[in-house]
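Below is one structure; the comments refer to it alone.
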Amino acid sequence: GSSGRDVERILRAVEAVGDHSKTLDVLFLNVPSVPYVDPTLDRNHAAHEWLSSADVYRSHKTSAAMNNGGEMQAVQKFHIPPCAAAVHLLCRVET
């Protein structure tokens, strides 16, 4: 359906940018300004949980990052694009 196409489009866009850390920074900066309707704040909470978990994988202070930077980059590449897709689905403005 429509959501599946949206996810694929977001995943391709994140891969095209290539800088997963920058993508995460942009998500953190822009999510608070998206005017979606969420009276219970459930979607807001879920989006920020996704962002928080992706930020943990991005952190250079984790033991994995200190011991094996290549492995950490692989984890980022695996986790940050789906995070961007999840945040998009949670916070998109319905038209």
Side-chain angles (χ1 to χ4, degrees):
S2 171
S3 293
R5 285 191 304 271
D6 288 348
V7 167
E8 288 301 318
R9 186 174 48 88
I10 297 301
L11 293 174
R12 281 193 310 271
V14 171
E15 288 304 317
V17 169
D19 186 342
H20 294 113
S21 184
K22 181 62 100 180
T23 299
L24 197 57
D25 287 340
V26 170
L27 286 169
F28 269 113
L29 291 172
N30 287 303
V31 165
S33 64
V34 177
Y36 62 97
V37 177
D38 185 19
T40 62
L41 299 177
D42 289 337
R43 290 169 38 187
N44 183 55
H45 179 263
H48 283 88
E49 284 293 317
W50 271 98
L51 291 170
S52 178
S53 67
D55 195 40
V56 167
Y57 288 118
R58 177 178 67 163
S59 175
H60 298 289
K61 296 178 180 82
T62 64
S63 61
M66 291 179 178
N67 295 326
N68 189 345
E71 180 181 324
M72 200 61 189
Q73 285 184 329
V75 169
Q76 289 175 9
K77 186 173 179 153
F78 178 74
H79 194 72
I80 293 175
C83 170
V87 169
H88 170 75
L89 291 175
L90 288 163
C91 300
R92 65 183 171 182
V93 176
E94 304 292 336
T95 56

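The first residue of the sequence shown is numbered 1, and numbering continues consecutively from there.
Summarising the geometry, atom CD1 belonging to Ile80 is positioned 13.0 Å from atom NZ belonging to Lys22; distances are rounded to the nearest 0.5 Å. Taken from NE2 in His45 to OG in Ser52, the straight-line distance is 9.5 Å, to the nearest 0.5 Å.
Between Glu15 and His20 the shortest side-chain heavy-atom distance falls below 4.5 Å. No side-chain heavy atom of Leu27 sits less than 4.5 Å from a side-chain heavy atom of Trp50.
Asp42 places no side-chain N or O within 3.5 Å of a backbone atom of Ala46 that could act as its donor or acceptor partner.
The side chain to side chain donor-acceptor pair (under 3.5 Å) search around His88 returns none, not counting sequence neighbours.
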*Take Asp6 and Arg9 through the test salt bridge (charged side-chain N to carboxylate O under 4.0 Å, His left out) and record every step on the way to the result.*
CA-CA 5 Å; Asp6 288 348; Arg9 186 174 48 88; 3.7 Å; yes
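Leu11 and Leu89 fall within a single hydrophobic cluster, where Ile, Leu, Val, Met, Phe, Trp and Tyr are joined by side-chain heavy atoms under 4.5 Å apart, directly or via other members. In the hydrophobic clustering of this structure, Leu90 groups with Val31; members are Ile, Leu, Val, Met, Phe, Trp, Tyr whose side-chain heavy atoms approach within less than 4.5 Å, directly or through other members.
Between Ala84 and Val14, the shortest heavy-atom contact is CB-CG2, 3.7 Å. The minimum heavy-atom distance between Tyr36 and Val93, with the atom names listed, is N-CG2, 4.2 Å.
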